[in-house]
Each structure stands twice: as structure tokens, then as C-alpha cells.
Amino acid sequence: MGSQEHIVMLPYMAHGHLIPFLALARQIQQRSTGFTITIANTSLNIQYLRSALSTDSSSPPNSNIRFAELPFCSSAHDLPPNTENTENLPLNKMINLFHASTSLKDPLLRLVQDIMDREGRPPLCIISDVFFGWAVDVAKSVGTVNITFTTGGAYGTLAFSSLWLNLPHRSTDSDEFTLPGFPENIRFHRSQMHRYLRDADGTDMWSRFMQRQISHCLESYGCLCNSVEEIEPLGLDLLRKYLRLPVWTIGPLLPLEVLKDSSSSRSSISRQHAGKEPGLAPGRCLEWLDLQSPDSVIYISFGSQNTIGESQMMELAIGLENSGKSFIWVIRPPFGFDMKGEFREEWLPDGFEERMRESKRGLLVRNWAPQLDILSHKSTGGFLSHCGWNSVLESLSQGVPIIGWPMAAEQAYNSKMLMEEMGVSVELTRGIEGMIEGKEVKRVIELVLDKAGKGEEMRKRAAEVKMHIRSAIRDEREEKGSSMKAVDDFIRNILCKRQEK
Ligand code: UDP
């Protein structure tokens, strides 16, 4: 079928979005080699994507994935120079980047028109991020369709969207409330809302952006979701009812190497996947993990753009030390300091790093760790995570239970789902304002690593989820997994849509 078919993709400017979009492009290519895929973004993000693709040995040499740079000037939007990504962006500037991202509309339209001039017809579809609802207009104006790709899970995406669209906390004094799209017995709490959402009233910068983009997305032709049918049955059912659009679950968009039980060297999986230099070489992390016993290490990371408060950091360190358990901790300067700046010893208890190094109990990795390598090592027994959806999928694909510490976006709803629906997680605290004491850290870590009781139960559940995730990507002719079927169905569907015209 149509060797010339072209798909244009537009990820939001954040690592947690760029990485799955690139993985989706590879996935579509593998299923249907006749497609050309152009990923459009700002220049610095394209540089990053190019390097991520070029270090990926699983990508075929004749890959038809192309990149298009869209003009973007951060300083025109009251952003620091050369700021094109949420990474290391101060929290109070996040909204500037959101608003600035709408300036990509005209450049995207020009790109699509160029493609039409060259190829004589519009691209098959535009696959755009949830934050780019305006891509629906671009698609319509050139006679094609927009597909919204949510890099989050179904439950989290629904909760996040419905909260912004309905602002239910505004019509009650109670801390707990129901949410349109969810049954009455599932209640949400004010503390699960990020400060900007809690303060939103429909007129502020945040709600103006979110309400506009999310409601526009509802006019898409369909939705792709980076999840797995079998692991989120409730979330998917509710999301489909709420959106009233087809939702194709095509996840997990992870490198195949981590989804197989192989003993081959994995020292470069993370770099290939995330395209970033870690603060400590993957080999060194793996050697350190080799010294530990199975399921005994807690891995701690808050994703690509978050950090915790100064006093929280101190309490976390105290709890870790008192627990006597081993850990790898990705450290960044605490909230309020320059995240790219030097890490100061005073943010941790006196002599902490040295004691941990000498006893081989704890490994501190600065800024960025080879996360996939760490999670797929047999010594890793728990993940203290901000519950970003990529981290969640990476952890569960390895059967590693989670300790939730959600920070922003839809993370609190991911954390809720992981506890209430999946039973693979306990929550330690929430956000940078959340209370946390060393003794609670110790209790929760012990609970999760426990070989009996709740720890054992969570590990068992996580192992079941891991199995579902791996079955979903099975690609044997007589027995295809649900995610493989969904990608095939999605491709068939948009090709048919083209023929209807
Ligand atoms: N990541 C990593 N090393 C780090 C921090 C993050 O490799 O030290 C990767 C992680 O594996 C995941 C992504 O960055 O693929 C973070 O995405 P997620 O959705 O978990 O969180 P976000 O960064 O969007 O908040």
C-alpha cells in the first residue's frame, strides 16, 4: 500500500514526551515500512532527537524517520535564551513555555503545506501531543486528520483532562470531590492537585491554556495511548466513554531489549533510549548493582524535570540511612536552586555521601542516571518515583514495585491508580510541600522490600503487570499481543480514512 504515505508528528517539548514520540515513530515504521515519518519540533529538541536516533542500534539504517526544525525564539516569550524544553526550566516559567508552544502553529502549517506541494496530497495524519489541540485546525485546514497521542496512561490522562476542564474543586468546600468521567466511589483530593491547578478558576494563564488545548483535542479523529489494554482496564474504559473517540493502546513504547529476558550486555540501553549522558557511566552503576543481592536496592528518581524540597531531601537521606537498605539516588539541587548548578554537600546530612560510598550502601548519581539499566537489573527491588508515566512503565515492565512521590502534571493520578487499581505501589508523600519524616521513609522502604506481607503482594502484582506488558508486544503471526494489534488497527484505520476521500 502507498509507499509515499507520510505522517507528521509533533511532540511537546519535554523529554518525557520526545522519547515516546520517537519510539512511536519507530513502532509505526516497523509495522508498516512504506511510511515516511517527519517529527517536527524546535531546533534544540530536534538536535536531541537526532542524537537519540543515531545512537539507537535497533533503528534500521534506511529508516524513513525525518526531522523538521520549526522556527522558535524563546526570548520572545519571556523565557531564558535557548530554552526550548521543560528540562531545568523553573516552575514559574513552565506556563510561558506552554503559551510559547502555540507559536509553532504557523510553522507547522507551512511544513505540512511544503509536504503537500512536494507529494501532491496532504499527510495521512498529524500525530500531535495533548498540549497541541490547535493541531486539529492545522490538520482540518489541509484536509487531513489529527490524532492525539497521550504519552500518559489512560487513568492519569482522563483525571488530568477532566480536572482542568471541569475544575470540580471550585464548586465545593470539601477537600474531597468526585470528578466527571469517574464513578462516584472514586474520589479525588485537593492535595492531589498541583498548586497551579488548585488555584485555577478558568481565567488564569494555566486554565486558559489547558482548557483550550484539551477541549480542542476532543475534536481529533482518535487517540493513541502509551498504555496496555490489560493493565489499565478501568482507566481505558472510562477514557473511551469520556472522549467518545477511538483510543488505540499501543504501549509500552520502550526499547525491545528491556522487554525480553535476556542476559546480554545492556550497558547502553538507557543512553540509546534517552539519548543523554548520565552522571555516572552505566557500566559503573551495573557493577555496583552486581554487588547487591536480588530485589534489595531502592532506586530513587524524580524524572527529567523535578526535584524535591531542601528539608525533604534531608529527611529522605536520614530515612535511607536508618533503613539500612541499599539505594541508587539521582540527586539534583533542591527546589528553589538552579537545577543545573553544582550539588552542595550541605543539602545532605554531614558525611552522608562518604559513609554511603565506603559502606557500598548507597550510590549518588548526579542529575541523570541510566534508568533503564538500573531498573532492569535483578538487584533493583523498588523504585521511589515521581510516577511520571514513562518511569511507571519502565518500572512495571521489569516487575519492580513503586513507592509514589508524585510531583506535578498527572503524576498524582498515576500514583492513585497504581495503588487503588493495580496494587503495585504505596505513596510516601506528595509534591514539594508534602510532609516527610525520616522514620516514615524507613517504614515505607522496609515495607516495599519486605519478602512477606504487603511487599510480597506488591511484587507479585508487579510481576503480573510485567507479564501483561510483555504479552502485549508479542508479534507472532498466529498470536499477536494487544498493543501490536492496536498499532495494526490504527494504521488500517487511517489508511481507510484516506481512501474514503
Ligand atoms: N530518565 C533517565 N534518567 C534520569 C531521569 C529520567 O533515564 O535520571 C528518563 C526515564 O527513564 C524516563 C524519562 O527520563 O524515560 C522521564 O519520563 P517520565 O515520564 O517518567 O517523567 P518526566 O520527566 O516526564 O516528569
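These figures come from a predicted structure and were not determined experimentally. One-based numbering, in listed order, for ligands and for the atoms of each.
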Quiz item: Is His386 touching ligand 1 with its side chain, its backbone, both, or neither, if touching means heavy atoms under 4.0 Å apart?
Solution: side chain
Quiz item: Looking only at heavy atoms of Ala14, does any of them come nearer than 4.0 Å to an atom of ligand 1?
Solution: no
Quiz prompt | Heavy-atom gap His17 to ligand 1 smaller than 4.0 Å | solution = no
Quiz item: Between His15 and Tyr48, does the ring centroid distance fall short of 6.0 Å?
Solution: yes
Practice problem: Answer with yes or no after comparing the ring centroid distance for Trp206 and Phe98 against a 6.0 Å cut-off, counting only values under it. | Solution: yes
Quiz item: Looking only at heavy atoms, what is the nearest atom pair of Asn82 and Leu44, with distance?
Solution: O-CD1, 3.3 Å
Quiz item: Has Glu394 got any heavy atom lying under 4.0 angstrom from an atom of ligand 1?
Solution: yes
Self-check item: Side chain, backbone, both or neither: Trp389 near ligand 1, heavy atoms under 4.0 Å
Solution: backbone
Practice problem: Measure the shortest side-chain to side-chain distance between Leu253 and Phe149 over non-hydrogen atoms and say whether it is less than 4.5 angstrom. | Solution: yes
Practice problem: Please verify whether a non-hydrogen atom of Val330 lies at under 4.0 Å from ligand 1. | Solution: yes
Quiz prompt | Which of the ligand 1 atoms, numbered from 1, are nearer than 4.0 Å to a heavy atom of Gln411 | solution = 25 (O)
Quiz item: Hey, is CD on Glu346 packed in by over 12 heavy atoms from elsewhere, all under 6.0 Å?
Solution: yes
Exercise. Please confirm whether Ser391 comes within less than 3.5 Å of ligand 1 when only nitrogen or oxygen atoms on both sides are compared.
Key: yes
Practice problem: Ignoring angles and geometry beyond distance, decide whether Ala369 reaches within less than 3.5 Å of ligand 1 through its nitrogen or oxygen atoms. | Solution: yes
Quiz prompt | Electrostatic pair Glu433-Arg198, nearest N-O below 4.0 angstrom | solution = yes
Quiz item: Using the benzene-type ring in the case of Trp, are the ring centres of His216 and Phe132 under 6.0 Å apart?
Solution: no
Quiz prompt | Under the side chain to side chain contact (heavy atoms under 4.5 Å, CB included) test, residues paired with His189 that sit two or more places apart | solution = Asp175, Glu176, Ser191, Gln192, Arg430
Quiz item: Can Met407 be said to touch ligand 1, with heavy atoms closer than 4.0 Å?
Solution: no
Quiz item: Based purely on interatomic distance, does Gln371 place a nitrogen or oxygen under 3.5 Å from a nitrogen or oxygen of ligand 1?
Solution: yes
Quiz prompt | Atoms in ligand 1 flagged as close to Gly303, the criterion being non-hydrogen separation under 4.0 Å | solution = 5 (C), 6 (C), 23 (O)
